[in-house]
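By convention here, the first residue in the shown sequence is residue 1.
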Amino acid sequence: MMKMSKMHRRVLAALALSAAMPVQAQTTAASQAPELQTVTVTAQRRTENIREVPVSVTALKGEKLDVLISGGEDIRLLAGKVPSLNVESSNGRTFPRFYIRGYGNTDFNTFASQPVSLVYDDVVQENPILKGFPIFDLASVEVLRGPQGTLFGRNTPAGVVKFESERPKLGKTEGYYNLSLASRQTANVEGAVNVPLSDKWAMRVSAVGQHRDDYVDNFADVAKTQKRNELDGYNEHAERVQFLYSPDSSFNALLNLHQRNTNGSARLFRANLIGKGTNKIVPGYDLDSIVTNADNWQRLKTNGANLRLSWDLGSVRLFSITGYEHVSDYYSRGDIDGGTPAGPGFIPFQVQTGGYISDLDQYTQEFRVESKNAGPLNWQTGLYFFDEDATGGSDNFNDAGTRTSRLVSNQKNDAWAAFASVNYSISPDWTVRGGLRYTKDEKEFGTLVNENVTQIGPRSVSTSQDKFNWDLSATYKLSPTVNVYGRVATGFRAPSIAAASAAVPITVADSETITSYELGLKADLFERRARTSFSVYDYTVKDQQLTVVGGNSNVNRLINADRTKGKGAEFDFEAAVSTALRVSAGASYNYTQIRDASLSVNRCGSCTVTDPVNAAGRVVIDGNSLPQAPRWTVNATARYGVPFRDGELYFFTDWSYRSKINFFLYEAAEFVGAPLTEGGVRLGYIFGGGKYEVAAFGRNVLDQRRITGAIDFNNLTGFTNEPRQWGVQFKGNF
C-alpha cells in the first residue's frame with residue numbers, strides 16, 4: 001500500500017478510538033449498556049444472522065435510513081454511507097451509476113449495463129433508468145460487496161445493492177406518516193398504511209411525494225441582465241400497493257404494484273466551472289445562477305409489478321418470483337456546453353442534446369427450491385429467465401432549439417440461467433458453502449432511425465455468450481461470537497453494445513469476468529454491546545468493459561481492457577456505548593489499476609493532461625485507477641438520547657468522507673474530483689409513547705461544494721454536489 005497521509009492516519013486513529021469506546025463503557029456503565037439487536041440479511045437468499053454470512057455485507061435499516069432520506073434526496077444519497085459504495089449520475093435524479101470496491105461503469109448510453117446489480121424486492125432492475133426508484137417504506141437496504149454471480153440473476157461481478165420493501169402484515173392496522181420541509185422550498189411527504197382485509201389477506205399502501213422549487217437563476221447573457229427562468233427543481237411521486245395472501249403456514253403469495261413519475265430539471269452543466277490547471281471551482285463562481293441558452297428538463301414515467309409465491313412442503317420450500325418493469329416515457333434534455341456563445345469563458349462550440357427511452361419492457365422469472373434439513377447438509381437450486389426489449393435514442397439541437405439530428409436504436413436481450421448452492425456443516429465450528437451458475441445471454445441491437453447522422457458500419461449487430469460461474473467459502477467459529485471466513489468467487493458480465501453516433505459505429509464490448517479472493521472476520525463484542533466486521537480482498541477483472549466518453553467530441557464508445565486489478569480492505573463497527581449513546585463507523589480502502597499497455601484514448605481539448613501521450617497524440621491509460629473510484633471512504637454516526645418529560649430528546653449526526661476521484665479513464669489536473677466530506681445533524685424529540693417525533697435537521701452542514709463530474713470535449717464544464725440544507729420533520733405512527 002501507499003504511504004498514508006496525515007489525514008488518513010487521523011481517520012484511522014479516530015476509528016480506533018471509536019472501537020475502544022465500548023471497552024470503557026464496559027467498565028463504567030456495564031449494567032446500563034443494552035444489547036444490540038441481531039441484524040439479519042438475505043445475502044445468501046436465506047434469512048441469516050449477518051455474522052454467519054461469508055460475504056462482506058452492510059445493512060441499512062430503521063432510523064439511519066429515515067435520517068438519510070429526510071431531505072428529499074434521491075438514491076445517490078447512499079454514496080459513501082457504507083464502505084466501498086459510490087453512486088453518481090450525470091443525469092440528476094435519473095440514471096444512477098453504482099460502484100463497489102471501485103468497480104463500476106461510467107457509461108451514459110441508453111442501453112448501458114453495469115457490474116453492480118440493483119435488486120428491488122427480489123427483482124433485478126437491469127437498465128440504469130430503472131435503478132433510481134425513490135427510497136421509501138423500506139425494511140432494509142443491503143450492500144453485498146464482491147462477485148455475487150451464483151445466487152443473483154444479472155451482471156453482479158462487482159456486487160449487489162438489495163432493497164426490500166416493508167411487507168403487509170396480517171391481523172393489525174398500522175402505518176406512519178412523515179412530512180419534512182427544508183431549504184429551497186423542499187418538501188418530502190411519505191406514508192404507509194397496513195390494512196388487514198381478513199384473517200388471510202392484508203394490504204399495504206405506501207407513497208412518497210417530493211418537491212423542490214427551481215432556485216438557480218437562469219440567465220440568457222453573461223452580464224446576467226436577461227433572466228430566462230429558474231432551474232434545478234423537481235416534482236416526483238411514487239406509489240406502491242402490496243397484497244399478501246397467507247391462508248396457512250404452507251403457502252404465501254405477495255403481489256407488488258408500483259409506479260414512479262418524475263419531472264424537473266436535468267443535470268446543470270456549468271461552463272468553465274473548473275479553474276485551468278486545478279480541480280477547484282473558479283473563485284467567485286456563483287452556484288446559485290447559471291447562464292444557458294438551451295432547454296433544461298427531464299421527465300420519467302415507470303411502472304411495474306411482481307408476484308412472489310412460496311410453498312412450504314415440509315422438507316423443501318419452493319419459490320416463484322415473477323417481475324415486470326416498464327418505462328413508458330423518459331426524456332432528458334440539457335445544455336451540455338453549459339453556457340452561451342458569449343460564455344462564461346471560452347466555449348468552442350454549442351452542444352444541446354436530449355436522450356430518451358420511448359419504450360422499455362423487462363420480464364423476469366425465477367423458480368427456486370431450497371432444502372429445510374435439520375442435518376448438516378442444505379442446498380438450493382433454481383432457474384432464472386430474463387427478457388428485455390428497449391427502444392431509445394438521442395437528439396441534437398441548434399441554438400434556436402430546433403432538432404438537427406436524431407438516432408433511434410432498439411435492443412433485445414434474452415438470457416437464462418441455472419444455479420445451485422450447497423451448505424455443509426463439517427462440525428459445529430466449520431461450515432463450507434459452494435455454488436455454481438450457468439448463464440446464456442443473447443443480444444440483438446439495431447439502428448431504427450438515423451436522421452442527419454451518417455452511420456459507419458453495420459446497422460445491426462448481435463452477440464451470444466455463455467459462462468459458468470462459481471464460488472466457494474468456508475466459515476470457522478473462533479468462539480460463539482467470533483467468526484472468520486474465506487471466500488473465492490467469480491463473476492461475469494455479458495457483452496455490452498453502445499449505439500452509433502457521428503463518426504462512431506455501433507461498438508461491442510466482449511464479456512468481462514472477475515476472480516475475487518476475500519478474507520474476513522465478523523464478531524459480536526462485549527456481551528453483544530458492539531459488533532464489528534473486517535475484510536480484505538483482491539480481485540482481477542479480465543477484459544473489463546470500459547466506456548470512452550468525450551475527448552474531442554461528444555461520443556460514447558466501448559472498449560475492453562486486458563486486465564484490471566483491485567485490492568483493499570473494509571471495516572464496519574457499531575456499538576451501544578450506554579443506554580444513551582450509540583455509535584457506528586465504517587471505512588474502506590480501494591485500490592484499482594488498469595493494466596493494458598495497448599490502450600489509449602483521445603485527449604481533452606482544453607485540460608492539463610498528466611498521463612503520457614503517445615506519438616498519435618492519444619493519452620495512454622495503462623496504470624490508471626478506474627473512474628469514480630476513491631481510495632478511501634469513511635463514514636460515522638452517533639446518537640445520544642436522554643429522557644425528557646414523557647419522551648426522549650436525542651441528537652443524531654452522520655458523516656461521510658471520500659478521497660479524490662478521477663472522472664475519466666485518463667488523468668488530467670482539472671478532472672480529478674477533490675476530496676469530499678458531507679455531514680448531517682438532527683435534533684429530535686420522540687413523545688406520545690413513541691408514536692410521534694418532531695425534529696430539526698441539516699444535510700451537508702459544512703456546505704462543502706465539490707465538482708463531482710465534468711465533460712471534457714469542449715470547455716472546462718462541470719457539475720457539483722448538493723448545497724447545504726436545513727429543515728424540520730414530523731413523523732407519526734399508528
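Side-chain contact check for Q185 and Y215: no donor-acceptor pair (N or O, by modelled atom type) lies under 3.5 Å. Side-chain atoms of H237 and N235 form no donor-acceptor pair, as typed in the model, at a separation below 3.5 Å. Between K162 and T42, the side chains place a donor N or O and an acceptor N or O closer than 3.5 Å (distance only, hydrogens not considered).
One N or O on the side chain of Q545 and one on the backbone of A494 form a donor-acceptor pair closer than 3.5 Å. Formation of a donor-acceptor pair under 3.5 Å by the S140 side chain with backbone atoms of E142 is not found in this model. A donor-acceptor pair is defined here as one N or O able to donate and one able to accept, closer than 3.5 Å; no such pair exists between the side chain of T150 and the backbone of R437. Formation of a donor-acceptor pair under 3.5 Å by the Q114 side chain with backbone atoms of P96 is found in this model. A donor-acceptor pair under 3.5 Å is formed between the side chain of S588 and the backbone N or O of S84. Distance alone, capped at 3.5 Å, places no donor-acceptor pair between the T173 side chain and the V195 backbone. Of the possible donor and acceptor atoms, none in the side chain of D295 sits under 3.5 Å from a partner among the backbone N and O of G334. A distance-only check finds no donor-acceptor pair linking the side chain of N306 to the backbone of D122 [under 3.5 Å]. Between the side chain of N194 and the backbone N or O of K172, at least one donor-acceptor pair lies under 3.5 Å. A donor-acceptor pair under 3.5 Å links the side-chain atoms of Q242 to the main chain of E166, judged by distance alone.
Here D572 pairs with R145 in a salt bridge; the nearest charged N to carboxylate O distance falls below 4.0 Å. Ion pairing between a basic and an acidic side chain is recognised when a charged N comes within 4.0 Å of a carboxylate O; E63 and R639 show such pairing. A salt bridge links R93 to E236: at least one charged side-chain nitrogen sits closer than 4.0 Å to a carboxylate oxygen. R682 has a carboxylate O that lies under 4.0 Å from a charged side-chain N of D66, or vice versa, which qualifies the two as a salt bridge. Salt bridge K61/E164: absent, no basic N to carboxylate O contact under 4.0 Å. Salt bridge annotation for R101-E570: present, with a cationic side-chain nitrogen under 4.0 angstrom from a carboxylate oxygen. Electrostatic pairing of K372 and E370 does not count as a salt bridge here, judged by no charged N lying under 4.0 Å from a carboxylate O. Between R204 and D137 there is a salt bridge, with a side-chain nitrogen of the basic residue lying less than 4.0 Å from a carboxylate oxygen of the acidic one. The pair D414-K443 does not count as a salt bridge, with every side-chain nitrogen at least 4.0 angstrom from each carboxylate oxygen. Between D654 and K64, none of the side-chain N atoms (NZ, or NE/NH1/NH2) sits under 4.0 Å from a carboxylate O, so this pair counts as no salt bridge. A salt bridge links R493 to E512: one of the charged nitrogens lies within less than 4.0 Å of a carboxylate oxygen. We find that E174 and K169 are joined by a salt bridge, their nearest charged nitrogen and carboxylate oxygen being less than 4.0 Å apart.
Between Y120 and F133, a ring centre-to-centre spacing shorter than 6.0 Å is recorded. Ring to ring, Y330 and Y356 are not that close: their centroids are 6.0 angstrom or more apart. Taking the six-membered ring where the residue is Trp, the centroids of W311 and F319 are separated by 6.0 Å or more.
Contact detail for S165 and L138: the closest heavy-atom pair is CA-CD2, 3.9 Å. The nearest pair of heavy atoms linking S656 to K81 is OG-NZ, 3.9 Å. Of all heavy-atom pairs between G491 and P147, the closest is N-CB, 4.1 Å. Scanning all heavy atoms of the two residues, the minimum distance from A390 to N410 falls at O-ND2, 3.0 Å. Across all their heavy atoms, S265 and D214 have their closest contact at OG-OD1, 3.6 Å. What you find for A266 and N296 is that their closest heavy atoms are N-OD1, 2.9 Å.
Geometric assessment of R240 against the ring of F136 yields a positive cation-pi assignment under the 6.0 Å and 45° thresholds. In this structure, R212 forms no cation-pi arrangement with Y234, as its terminal cationic atom is not both closer than 6.0 Å to the ring centre and no more than 45° off the ring axis.
Side-chain contact check for N127 versus L360: some heavy-atom pair is nearer than 4.5 Å. Using a 4.5 Å cut-off on side-chain heavy atoms (C-beta onward), T463 and I497 make contact. Taking the side chain as every heavy atom from C-beta outward, R184 and Q725 approach each other to under 4.5 Å. Contact of the F98 side chain with the K131 side chain is registered, since non-hydrogen atoms from C-beta on lie closer than 4.5 Å. The shortest distance between side-chain heavy atoms of F367 and L318 does not fall below 4.5 Å. For the pair S246 and L170, the minimum side-chain heavy-atom distance is below 4.5 Å. Side chains of I50 and T40 form no contact here, defined as non-hydrogen atoms less than 4.5 Å apart. E88 places none of its side-chain heavy atoms less than 4.5 Å from the side chain of R76.
Within 6.0 Å of CD in E444 there are 12 or fewer heavy atoms belonging to other residues, nucleotides or ligands. Within a 6.0 Å sphere centred on NZ of K440, other residues, nucleotides and ligands contribute more than 12 heavy atoms. For K200, the NZ atom sits in a loose shell: 12 or fewer heavy atoms of surrounding residues, nucleotides or ligands are nearer than 6.0 Å.
With rounding to the nearest 0.5 Å, the separation of CG in D213 from OG1 in T186 is 7.5 Å. Between atom CG of residue L300 and atom OH of residue Y331 there is a gap of 14.5 Å, rounded to the nearest 0.5 Å. Atom NE2 in H326 sits 12.5 Å away from atom CD in Q362 (nearest 0.5 Å). Going from atom CG of D107 over to atom OG of S113 covers 7.5 Å, rounded to the nearest 0.5 Å. The distance from atom OH of Y324 to atom OG1 of T364, rounded to the nearest 0.5 Å, is 12.0 Å. Of the inter-residue distances, the one linking L78 atom CG with L60 atom CG reads 6.5 Å to the nearest 0.5 angstrom.
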**OP:** Take T381 and F419 through the test side-chain contact (heavy atoms from CB on, under 4.5 Å) and record every step on the way to the result.
**Re:** CA-CA 6 Å; T381 186; F419 61 91; 5.7 Å; no
**OP:** Would you sort out whether W201 and L244 count as a side-chain contact (heavy atoms from CB on, under 4.5 Å), showing the intermediate values?
**Re:** CA-CA 6 Å; W201 284 89; L244 172 68; over 6 Å; no
**OP:** Please test Y245 against N252 for side-chain contact (heavy atoms from CB on, under 4.5 Å), starting from the C-alpha separation and ending with a verdict.
**Re:** CA-CA 6 Å; Y245 175 59; N252 186 295; over 6 Å; no
**OP:** Start with the C-alpha distance between K301 and R260, add both sets of side-chain angles, then the distance that settles side-chain contact (heavy atoms from CB on, under 4.5 Å), and finish with yes or no.
**Re:** CA-CA 6 Å; K301 292 183 180 180; R260 176 193 187 188; over 6 Å; no
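Using bins of under 30°, 30° to 60° and over 60° for the plane-to-plane angle, the ring pair F445/F111 lands in the perpendicular bin. F730 and Y177 have tilted rings, their planes meeting at an angle from 30° to 60° on a 0 to 90° scale.
Put simply, the residue from N109, N105, T106, N556 that forms a side chain to side chain donor-acceptor pair (under 3.5 Å) with T547 is N105. Of the residues Y363, F385, Y384, Y438, the one that meets the ring pair (Phe, Tyr, Trp, His ring centres under 6.0 Å) test with W416 is Y438.
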